[in-house]
Amino acid sequence: MTLTSTRPETPPSEPPDLRPRELLRWAWRQLTSMRTALILLFLLALAAIPGSVVPQNGVDSLRASQWREQHKTLAPIYERLGLFDVYGSPWFAAIYLLLVVSLVGCILPRTMVYWRAARATPPPAPRRLTRLPEHRTFTTTVSPEDVLDRARRQLRRRRYRLAPQEEGTVAAERGYLREAGNLLFHVAVLVVIIGFGLGSLLGFKGGVIVVTGDGFSNQLSQYDDFTPGTIFKPSQLEPFSFTVHDFHVDFIKTGRSAGAAHKFYADLDVRKSSGSSSTRERISVNHPLTVDGTKVFLIGHGYAPHITVRDAEGNVAASGPAVFLPENESFTSFGVVKAFDAQPTAIGLEGEFYPTYAFSNTTGPFSAFPDDEDPALSMLVWRGKTGTDPGSNQSSVYALDKGDLTPLKTSKGVQQRIDLKRGQTVQLADGAGSVTFDGVSRFVRLQVSDRPGSGTALVGTVLALLGLLGSLFVRPRRVWVRVSDAGDGRTLVEAAGLDRSSGGDLSGELDDVVTGMQEST
Amino acid sequence: MSHEQFEILSNQAVAACAILYFLVFLAQVAAWVTRPRVAAESTSVEAQGQGGVAVAAPPATGGPVSDRSDYWSRIALTLTVFAALVHFVALVSRGLAADPVRVPWGNMYEFTLTGTFVVVALYLAMYKRFSLAWMAPVVSLFVLTVLMLDVLVLYEPVTPLRDALQSPWLVIHVVAAILATGAFTIGGMCSVLYLVKERALARGRGTTGYLASVPELRSLDRLAYRWHAFAFPVWTFAALIAGPIWAEHAWGSYWNWDPKEVWAFITWVVYAGYLHARATAGWKGSRACWVALIGLATLWFNFVGINFFFGSGSQHSYAVEVVSRVVGG
Ligand code: HEM
């Protein structure tokens, strides 16, 4: 950066006076100084770091709650510091609000200055042009008037603004857009912040798992997880619903990329409101469904084996698809079945599903391929302690809380493990009942979200980029040309330039202008 | 050629260009050794009137140039061009090795391979305009080291692109991100040299040896600024525009404060700090250099560190299938 563009002088570091008005003015100048902006920027960068280290509620709530489980002493402290929600915490907000204030305090006066500067005429030529570091001198037979005319033409072509005609000199300036770009950039930063604010106030994001064939309607109670904006109201949810008609996925079977999934999509039968007729829509990764501003994304998939549990009396105690969450790339999946209405005691199953069953002595059962070529289940059996109701303290549908359960033992005294292929039935030990593996469905994991301000923020970023380009690459500079009589009919021409930003090739441009003056006819 | 053969070709090309980069380094050392033994005078007598006019970076090679030194310099340049070509072959064949054929940006090994290539390409593109011969040893040694680490630590066999990555925005986002990373990296080299040279000058050295061929501080600072000024808007576009748009398409939210995004933001803020620092009295020169280097550290940390330290916590983690991160509430 050159000396000319050095920005506001350092503010006095001592409060000059203790009268409230003076103090306020001093504080304002401190806050809107360039150095404060610099420090606030660093603070913002620093403050963002913890959010990448500590799991965030809003980013991955499952990991956040696991972390809390594992760190019993730290968790409450972190909770109070807002470390599980850094980007919504008061101290993070404090920093960027200060930046906003500083930004406004910076933009306003600079806009005024710019307003005046942008309409001012280029300053007159300095007395001694040859004092400037970039200058050229030559003599010519062309008359002084013609030389100046040529200079004007040259400079105009290069989009210089010319000062009104003055005897014997031309004064020109260009690059007014630099400061405009800079101002646009800073205003656009404000726009982005506002857009962000709108989204986090009014928007929401929710996740839901739907087994194919099942439906979903956009109500709070239907979500598996839901993160509302600060002033979001459930009544804002658009009243659409859909059924997952089908889910398709291709697994590459051979070659180096065997096992990789691709081309997945889901077909949904969508109703915009409860009364309307349904239309079929296909969603895939990178191609969401949009209903009245709310977007539905396909972000994952997995298996839901159909399992029927019969109790000791032969009655069906649980039946239907159970969602098993994938644990690795070959879709070994973990899940539970809760048959708590079974008689005489509740029955619980917990274990793994293998879409393509394989076994080795070292690893035990595993899945050899992610597609459901030879699906199998391997689960441990639990039963309720007599006189308790294990259903009363289950917090998650994907885990078995074993507080009120005991292992179901076989006659050998070990916990019973049932291994089932599709279509098979196994009798439970102790005559507790039976388990049947009826078949397999797939499920899709969907994310539903609405972020009202994101368009604003995006427009803001694009404007910021435009402003930035102007601010970094427009080269404000001044050029002066002066002519005088050199005797014997010749004209002495002096040309000089001044770069008001760094990095430009002023010397080259001055050369071009001078050559232009000498050549043009 | 089959996909397997392309993979082998790519690996061999990487080895070949690594050797070439080493030869570039040797050639530049030869150029330095054969330079004329005149005590190189510092070329820092750059006219500066009041008003501080920026003069285009002068070709500040210390002292006169001998024929032999010049000869070695040109050999170094030719070798760099060759190395870049072979490097490019390595990249292209890496993409052709995948089935189906794809852009070579599927994992960290490939990102690093591309990133180093971009450093060299940018260096060559600006070689003449900025008179960058003096940077050859730094660039070649840097690229060589990073390539070696890439092969030793990050190598992965070719695999196809995940669905989430199959979007034109991937190409746009990644091209911009790698371009910016390359330019920031070269800018960072200038900043490091600035600090080294400033320290040497303060101790009364720096006018001899390699540092003598490095431009004087003012030009160096301006050169660093120009690289950063180029990289910053590109990074803004990559990280704050293309990235969010792609994330919106793929994962349903523009900005999720995922660790990778957080660090991209931190990098952006630090470099914004750099641009401010250069316009703030008392922060120019070495302080601004330090800010730039902090920015570079956050950039590289984001590139390498996040995947290792935060692995599954980041949706951008190249190791884990997005689709297998299916977790229930
Ligand atoms: C969210 C906060 C801010 C961000 C992200 C930001 C970012 C930037 C960037 C990237 C530039 C470089 C463009 C250029 O060189 O022209 C810049 C320049 C500038 N900023 Fe900011 N800025 C912020 C806040 C502020 C504040 C609060 C002030 C006022 C004190 C300020 C004053 C300036 C000035 C005067 C320049 C021009 C420097 C020059 O002459 O090159 N900025 N800002």
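Atom set for the values below is all heavy atoms of this structure, side chains included, hydrogens, waters and symmetry mates excluded. Throughout, protein chains are lettered first and strands after them, A, B, ... in sequence-line order, and every chain is numbered starting at 1.
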Heavy-atom distances under 4.5 Å only: say whether [X] touches chain A with side chain, backbone, both or neither.
| X | answer |
| --- | --- |
| B/I294 | neither |
| B/F265 | side chain |
| B/W169 | neither |

Does some side-chain heavy atom of [Y] sit less than 4.5 Å from a side-chain heavy atom of [X]?
| X | Y | value |
| --- | --- | --- |
| B/P233 | A/F473 | yes |
| A/L472 | B/Y225 | yes |
| B/D258 | A/Q56 | no |
| B/F237 | A/T461 | no |
| B/I241 | A/V462 | yes |
| B/W283 | A/M34 | no |

Taking all non-hydrogen atoms of both residues into account, name the closest pair between B/I266 and A/A48 and its distance.
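Result for this residue pair: CG1-CB, 3.8 Å.
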What are the two closest non-hydrogen atoms of A/L41 and B/H276, and how far apart are they?
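Smallest heavy-atom distance, with atoms named: CD1-ND1, 3.7 Å.
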Say you draw a straight line from [atom1] of [X] to [atom2] of [Y]; how long is it, rounded to the nearest 0.5 Å?
| X | Y | atom1 | atom2 | result |
| --- | --- | --- | --- | --- |
| B/F301 | A/I49 | CZ | CD1 | 8.5 Å |
| A/S471 | B/L275 | OG | CG | 8.5 Å |
| B/W255 | A/L458 | CH2 | CG | 12.0 Å |
| A/L38 | B/T280 | CG | OG1 | 5.5 Å |
| B/F232 | A/L465 | CZ | CG | 9.5 Å |

Decide yes or no on side-chain contact (heavy atoms from CB on, under 4.5 Å) for A/Y87 and B/V262, but give the supporting numbers first.
CA-CA 10 Å; A/Y87 311 106; B/V262 172; 3.1 Å; yes
Measure [X] against the heavy atoms of chain B and call it side chain, backbone, both or neither at under 4.5 Å.
| X | value |
| --- | --- |
| A/F196 | side chain |
| A/Y265 | neither |
| A/I39 | neither |

